[in-house]
Amino acid sequence: MLTPTQEQQQAIDLFAGRGSLRIDAYAGAGKTSTLLLLAQSTARRGYYLAFNRAAKDAAVLKFPPKVQCKTTHGLAFNPIKSRYGYSDDKMRGTANANLIAEALSLPEDTPVSGTVFLSKRSYAAALRNAMARFLYSENDAPGAKHFWRVGKLASIDRAEFLKFTSEASRDLLRLWEEMQYEDSRIPLGYDGYLKLWALGRPRISADYILLDEAQDSNPVVLKVLREQSCQMVYVGDPYQQIYEWRGAVNAMEQVETDRRTALTQSFRFGDVIASGATKVISKLGATKSLRGTSSLLSHIGPVHPIAILCRSNAGVIASLITHQNEGARTYVVGGTIDQQRLLENVKRLKRNIPSELPEFFGFVNWDEVVDHVEQGHDESLRLLVNLVKKYGEDRLLVALRSCVSEERNAQIIVSTAHKAKGCEWDVVHVDGDFDAAFMQLERPDDPQMKKWDLEAEGRLFYVAMTRAKSAVELPPGAMSYFGIQNSHTERFGKPYIAERPAIAMRAAAQTNRTFPSPSARPAPVMPPSRPAPSQPRQPQPPGFLERILRSIFK
């Protein structure tokens, strides 16, 4: 049995009082291990609710038998399947835009304003994304408020957008009805059966419920938990809530509990990184500092990274190109499906085929996207446009497909900050695409939107910088914004040994690019091989407009 720290013991004592409890646990402060200590401290029977299946499977091996380890979807599956008799395909399937358009008999074009029209495919995709927001909400029926202002929808007059969503909400309701019909080709899907379960006001038979990663819970789950009569324990970091795009709310700020305590000491890194992270969360409203483990040395400054963490998928692609050109074996956390899908949709737009990706709603072709960016309407798309201009989408796809399939075989690991959540590496570089976000915060804009931007971007940056154990390199714009200083000037860590993979050489020949010769540099020392860290599978961002969606460019 683990020996609790003073902070963990306080949580155990408060749990013993049987009132509801909120535990604010900073990055690396041992959230799950604290919940394990709570479960081991009582003979009562409870539930441990994990954020994803990987975390649930790991918990099953640790928690005592009197605790059932589940995901919220796991709680809902059997009751809905037995009540409605749905097939597995109906329960677990997904609907693409073409299927929705056909099932609802949508018109070829849907007017949004006097100048903006959505193709049948784009309109169906807009309905699908609005449905996702409804399924995550605590609302009993879908409506106009569940539509997103993305793509060209973000540039039209607000009154026109409200008129469009009011009319489109009728089709959204039809879609929800179709999803529930047993004989409909449109599946209910994971979030659909969770919503249907929640609408039935379920009762969970337990003495207590432990909700891990509570900051990422969405309203539909929170509503179910609020209605339970057993003891509730919410554990999470309010400054690691980064899934607004999928309907999550910061549960740590919304739940009301009888007691509250905190875990402020990180066991992942030392005082230097902890001090830098404290500057970030302090600007976001934190009143308690994040403390490092004094026996661990940590640094902020230039590094030879093991992992590169980017704000956007465009940043991931740019980093891959850079390091593959230098001869590195690269790996992308979570795979490259999202990035490849993005570039395949660029190719579609270049053939005048509308895209179903949210960031491209309303664009007829790629030239319209380029014009939109060049007119200053959407800075978050600028990096993608510049990458496509410089390399072409085919060259970028070659880079994505050239990545190794396992992290342990890579010399450079690249990830969005979203997918890196729950992971850690010794030496981390936080990519410069974060700087564009913080520079945008300085523009004169709606005060409420500026505050929302700061909170969302600041939380994502905090997640990225706290993935490092020994050293982290931060982009200068973000450092200036939060008042963070480097602790050293010499580059920390060991560089990789450059290679010249055959596939990269073919890509270089196609683009007439010259790869640096490994012999032109001093021979570096290969860092020791290490096993891949356990990486819980994270939800996939649905779009590139991070400021609006927290999106596909994560």
Side-chain angles (χ1 to χ4, degrees), residues 20-22 47 49-52 70-77 79-80 83-84 91 126-149 162 165-166 168-180 188-206 209-238 240-258 448 452 455-456 459 539 541-542 548-550:
S20 57
L21 176 61
R22 164 181 167 175
Y47 272 92
L49 297 184
F51 181 67
N52 56 40
K70 296 277 189 179
T71 63
T72 50
H73 287 86
L75 283 175
F77 183 85
I80 293 301
R83 184 185 308 168
Y84 295 96
M91 294 282 285
L127 291 173
R128 184 188 61 190
N129 283 281
M131 179 56 62
R133 292 190 76 185
F134 160 65
L135 296 179
Y136 287 132
S137 76
E138 62 178 14
N139 305 124
D140 291 341
K145 63 183 175 183
H146 297 120
F147 285 88
W148 292 343
R149 295 192 70 181
L162 292 176
T165 57
S166 176
S169 62
R170 292 192 290 269
D171 288 327
L172 188 62
L173 183 59
R174 283 203 299 141
L175 175 58
W176 176 228
E177 292 170 347
E178 279 288 327
M179 290 168 62
Q180 296 175 71
L188 189 62
Y190 289 90
D191 295 325
Y193 73 69
L194 177 65
K195 182 69 171 183
L196 205 55
W197 174 72
L199 289 173
R201 304 296 186 263
R203 308 303 297 175
I204 302 173
S205 179
I209 297 174
L210 309 173
L211 180 62
D212 203 354
E213 300 289 355
Q215 77 279 348
D216 291 320
S217 296
N218 49 52
V220 66
V221 171
L222 291 180
K223 185 176 182 181
V224 169
L225 297 180
R226 280 198 303 267
E227 294 174 349
Q228 304 308 309
S229 58
C230 62
Q231 182 183 16
M232 281 300 310
V233 179
Y234 302 89
V235 180
D237 186 344
Q240 289 194 62
Q241 198 278 300
I242 58 174
Y243 293 117
E244 295 94 339
W245 50 265
R246 67 167 185 82
V249 295
N250 203 328
M252 301 303 291
E253 299 299 335
Q254 297 207 3
V255 297
E256 295 184 5
T257 58
D258 299 321
Q448 290 302 114
W452 185 86
E455 292 174 351
R459 290 195 300 267
I548 301 171
L549 301 179
R550 319 297 351 118

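Given the structure is predicted, the values throughout are model-derived calculations rather than measurements.
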Side chain to side chain, [X] and [Y], heavy atoms closer than 4.5 Å:
X: L188; Y: W176; answer: yes
X: L210; Y: Y234; answer: no
X: L75; Y: L49; answer: yes
X: Q231; Y: I209; answer: no
X: Q180; Y: Y84; answer: no
X: V221; Y: L194; answer: yes

Atom pair [atom1]/[atom2] of [X] and [Y] - distance to nearest 0.5 Å:
X: I204; Y: C230; atom1: CD1; atom2: SG; value: 6.5 Å
X: T165; Y: H146; atom1: OG1; atom2: NE2; value: 11.5 Å
X: Y47; Y: M232; atom1: OH; atom2: CE; value: 13.0 Å
X: R459; Y: D237; atom1: CZ; atom2: CG; value: 10.5 Å
X: S20; Y: Q228; atom1: OG; atom2: CD; value: 13.5 Å
X: F134; Y: D140; atom1: CZ; atom2: CG; value: 7.5 Å

Practice prompt. Among residues two or more places apart or on two chains, list those pairs meeting salt bridge (charged side-chain N to carboxylate O under 4.0 Å, His left out) that have a residue in residues 226-235.
Written response: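 Residue pairs with at least one partner in residues 226-235: E138-R226, R201-E227.
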
Applying side-chain contact (heavy atoms from CB on, under 4.5 Å), can you list everything that pairs with [X], at least two apart in sequence or on another chain?
X: P202; value: W197, V224
X: R83; value: I80
X: F77; value: K81, D88, M91, R92, Y193
X: D191; value: H73, L135, Y136

Discussion item. Quick check: closest heavy atoms across L172 and M131, and the distance to 0.1 Å?
Written reply: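 Closest pair (atom of L172, atom of M131, distance): O-CE, 3.5 Å.
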
Worksheet item: How close do G143 and S169 get, heavy atom to heavy atom, and via which atoms?
Response: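 So the two residues come closest at C-CB, 3.9 Å.
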
Item to complete: Name all residues meeting the salt bridge (charged side-chain N to carboxylate O under 4.0 Å, His left out) criterion together with R203; count only those two or more places apart in sequence or in a different chain, and write none if there are none.
Response: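 Once residues adjacent in sequence are excluded, R203 has no partner under the salt bridge (charged side-chain N to carboxylate O under 4.0 Å, His left out) criterion.
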
Item to complete: Tell me, please, which residues at least two apart from K145 pass salt bridge (charged side-chain N to carboxylate O under 4.0 Å, His left out).
Response: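 By the salt bridge (charged side-chain N to carboxylate O under 4.0 Å, His left out) rule, K145 matches no residue at all.
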
Discussion item. Once side-chain hydrogen bond (donor to acceptor under 3.5 Å, both in side chains) is applied, do any residues pair with T71, and if so which ones, sequence neighbours excluded?
Written reply: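 T71: no side-chain hydrogen bond (donor to acceptor under 3.5 Å, both in side chains) contacts found.
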
Discussion item. Assess, by modelled atom type and distance only, whether the side chains of E213 and Q215 contain a donor and an acceptor separated by less than 3.5 Å.
Written reply: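 The criterion, which ignores hydrogens and geometry beyond distance, is satisfied for Q215 and E213.
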
Worksheet item: Within the side chain of K223, is there an N or O that forms a donor-acceptor pair under 3.5 Å with the backbone of N139?
Response: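 It does not hold such a pair.
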
